[in-house]
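Note sheet for the following structure.
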Amino acid sequence: MRVPPGVSAADYAKALPEFEQVVGKEWVFTSDEDLDLYRDAFSPFMGEPEELIASGAVAPITTEQVQEIVRIANRHKIPLYTISTGKNLGYGGSAPAYSGSVVLDLKRMNKIIEVNEENAFCIVEPGVSYFDLYNYIQEKKLKVWIDCPDPGWGSVIGNAMDRGGGYTQANYRNHFDSHCGMEVVLPSGELLRTGMGAIPNAKTWQQYKSGVGPWIDGIFSQSNYGIVTKMGFWLMPEPEAYLRGTIGCMNFDDLGPLVETLNYCENARITAGFPDLASPLLGYSPVGQLQLFFESGAHITPEHAKLLATVRDGRSPALEAYGRAQGIPYWQVWLSFHGPMEVIEAQWHAAIRHFAKIKGSTAQLVDKTALPIDPADASKFHEPELGVPALRAFSIGARSPYNPTPSKGHMWFSPIIPRTGEAIIEANKVFSAAARELDMPLFRTFTLPACFWERAFVFILATPVTTDPATNRKYREGFKKLIAIGGDHGWGEYRTAPVFQETVMNVYSYNNHALHRFHETLKDAIDPNGILSAGRYHIWPKHLRGKKS
Amino acid sequence: MNKHPASQLLGLIVAASVGGLCLPALADSPNEHADGIAVYTKWCAPCHAPGIIHPGTSALGAKYQGIKSGVILEWTDLPASYVEYMVRHGMSVMPHFRKTEISDSELKALAAYLSRNTP
Ligand SMILES: Cc1cc2nc3c(=O)[nH]c(=O)nc-3n(C[C@H](O)[C@H](O)[C@H](O)COP(=O)(O)OP(=O)(O)OC[C@H]3O[C@@H](n4cnc5c(N)ncnc54)[C@H](O)[C@@H]3O)c2cc1C
């Protein structure tokens, strides 16, 4: 039997029956066979001794059970690691950050406590997936939309706790920002409600975010200070119509003005749907259409392909001339609009007027449709942009007629960079030079960032995981170098897998790591025994500090 | 070979309509594979329903190159034990599934359903 690190076999043997008493024998896992199911399916350590593994797993079904488990863990000093649905693939999966921890698996806590149509919010438990919430809303014919990430099987809470993003309107795409109110089991086992939830018999827990006094919700995300057992989220009222169009620009130098205009239009709320950058000329599809590329391959003429080989850091006068002759835009932004038809048509026209300032740019209407669409038609779109969950994005890295060598998953390299054309070009120069030197297959020609969040870009590069440990080692080490190189340029990851959390946290080092030291101060105060999710985002309890890296 | 053409058709309808919309009350139909269909619909269909928009189907189409269908529901050489193995081990970008997601008894029902055409 596996035993958690720092725990004697005798203490663990005492704790297990106590866990069983709380959740039932069936929901305490100790055999290798069962615990292997907590391995990260996309682990870059697969088959190596450093792989992060679980020593046990406990799966409660109520908040009271969570409290009891935490009290037991405190008594026996057992390290726990919380997951909600554990589908954090590319950012660590269901494996603990501190190898050998007991995973607290909240998948069975799957109650949708309320979906309120009138005021457009929901309150859910951690095991509720985007599919679950979507199906519930459809069954009850409620006129609200969810905002989901590409994989629909993730947890509404778990995704928000790792500060994930989605694809509908700007104020819903940031999943942590769109939450309102939490219930948290503290490391002591005590129960806390944030915001208005701190008022007994609260009437506005999901309607007003901050309550009064320090607004502490943020400290529970990307951390290890508590276990969230309920969380509210604001939902978007089902829009009446959807409109999608593209703006195309013909010159390399148009990228700066294109981004600048996009920023204005988004910040002024002329457009609010997921803006998606592409380069038809460089063969880079918008994020929302990557799946088409993986499903159906690239459709590029031999002449175009030959010219692509001449491109360096995105620029090529010969390619630019070819694009002009063939009418293929160098840059393109996909804009989408949700709302009453007369409003979104007017917004689209206002957007066209602003982008028309870029000489030679063209605007094209792609879709204009009343909502809800026939669900059978959802696959004609990038489903999450219509609030529909799917798993289609798993085509990334999967075998296909265009990819004979499927990967074992990927690690997301995802630094935040400024929302300027200049930053896009600089990030391409810096990271593609580094990737060449590190021999990492991260770039085809050029990469455009994703616009999940307002005000900044996230420059996502999928680093493949393979079945060959030597290759995985090379990519892991390369990934760490990329993080440091990004840091030298003032860029930092928005989120990362446990294997890289120390390296990423080291980039956030202003004033002798003041931020990280503050995280540790909090940890010591809130969780003196260090039992919760040790190591998550490099926050280690005192007894492990400096010993783990 | 196919002992239950109606149930297979039902499975296909279920599968084809996943990837978004919620599923109507098919559970009401008497069907010896109702439990297996429910597990399949929830956990497998988003990747394995017919059509290249499903990454499992697209991958298996490319893998077997016409030797057999890319749609696992149509396979006639899929033993229950192999389904059980796949669900607990995964392959390529398909992850394995924990017991809190698919319990052992749900897995049995799923495996019985997917192997129904396998002699
Ligand atoms: C092909 C592909 C596409 C993807 N696209 C996106 C995308 O568009 N957007 C996006 O955001 N992500 C994306 N991801 C990453 C990831 O799959 C999702 O973010 C997923 O939702 C995260 O897993 P989960 O929801 O199961 O969270 P979990 O794995 O349950 O939780 C994530 C982490 O949060 C913490 N946590 C979870 N629950 C709690 C709790 N109750 N209390 C305290 N801490 C908790 C834990 O540390 C846990 O490890 C993608 C991944 C792949 C493979």
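Here is how names work: the chains are called A, B, and so on, in the same order as the sequence lines, proteins then strands, and each is numbered from 1.
Most heavy-atom pairs under 4.5 Å with chain A, from the set B:I53, B:I52, B:D104: that is B:I53. Comparing A:P404, A:G152, A:G86, A:A59 by heavy-atom pairs within less than 4.5 Å of chain B, the highest count is held by A:G86. If you tally non-hydrogen atom pairs under 4.5 Å between each of A:R399, A:E26, A:E33 and chain B, the highest count goes to A:R399. Ranked by non-hydrogen atom pairs under 4.5 Å with chain B, the options A:R108, A:H410, A:E295, A:R39 are led by A:E295.
Between A:W153 and B:W43, the angle of the ring planes lies from 30° to 60°, which puts this pair in the tilted group.
Taking both residues in full, the closest heavy atoms of B:S92 and A:S407 are given as OG-O, 3.1 Å, listed atom of the first, atom of the second, then distance. Scanning both residues, B:V93 and A:I396, for their nearest heavy atoms gives CG1-O, 3.9 Å. The minimum heavy-atom distance linking B:A62 with A:P401 is given by the pair CB-N, 3.6 Å. Nearest heavy atoms, B:K99 versus A:D34: NZ-OD1, 2.6 Å.
Around the NZ atom of B:K68, the shell of radius 6.0 Å holds more than 12 heavy atoms that belong to other residues, nucleotides or ligands. No more than 12 heavy atoms of other residues, nucleotides or ligands lie within 6.0 Å of OH in B:Y85, so this atom counts as exposed by the packing criterion.
Proximity to chain B is absent for every atom of A:N110, based on heavy atoms less than 4.5 angstrom apart. For A:F394, the parts lying under 4.5 angstrom from a heavy atom of chain B are both the backbone and the side chain. Looking at A:T85, the atoms closer than 4.5 Å to chain B (heavy atoms on both sides) all sit in the backbone: N, CA, C or O. For chain B, no part of A:F294 is nearby; none of its heavy atoms comes within less than 4.5 Å. Within the 4.5 angstrom heavy-atom criterion, only side-chain atoms of A:I83, from C-beta onward, approach chain B.
With values rounded to the nearest 0.5 angstrom, A:S400 atom OG is found 12.0 Å from B:L60 atom CG. Note: A:R392 CZ to B:S58 OG = 10.5 Å, rounded to the nearest 0.5 Å.
B:P46 has its side chain within reach of A:F131: a pair of non-hydrogen atoms, C-beta onward, lies under 4.5 Å apart. In this structure the side chain of A:Y38 reaches within 4.5 angstrom of the side chain of B:R98, judged on heavy atoms.
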Working for side chain to side chain contact (heavy atoms under 4.5 Å, CB included), residues B:R88 and A:L37: CA-CA 7 Å; B:R88 296 293 184 224; A:L37 301 174; 3.8 Å; yes
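Salt bridge A:K87/B:E101: present, at least one basic N to carboxylate O contact under 4.0 Å.
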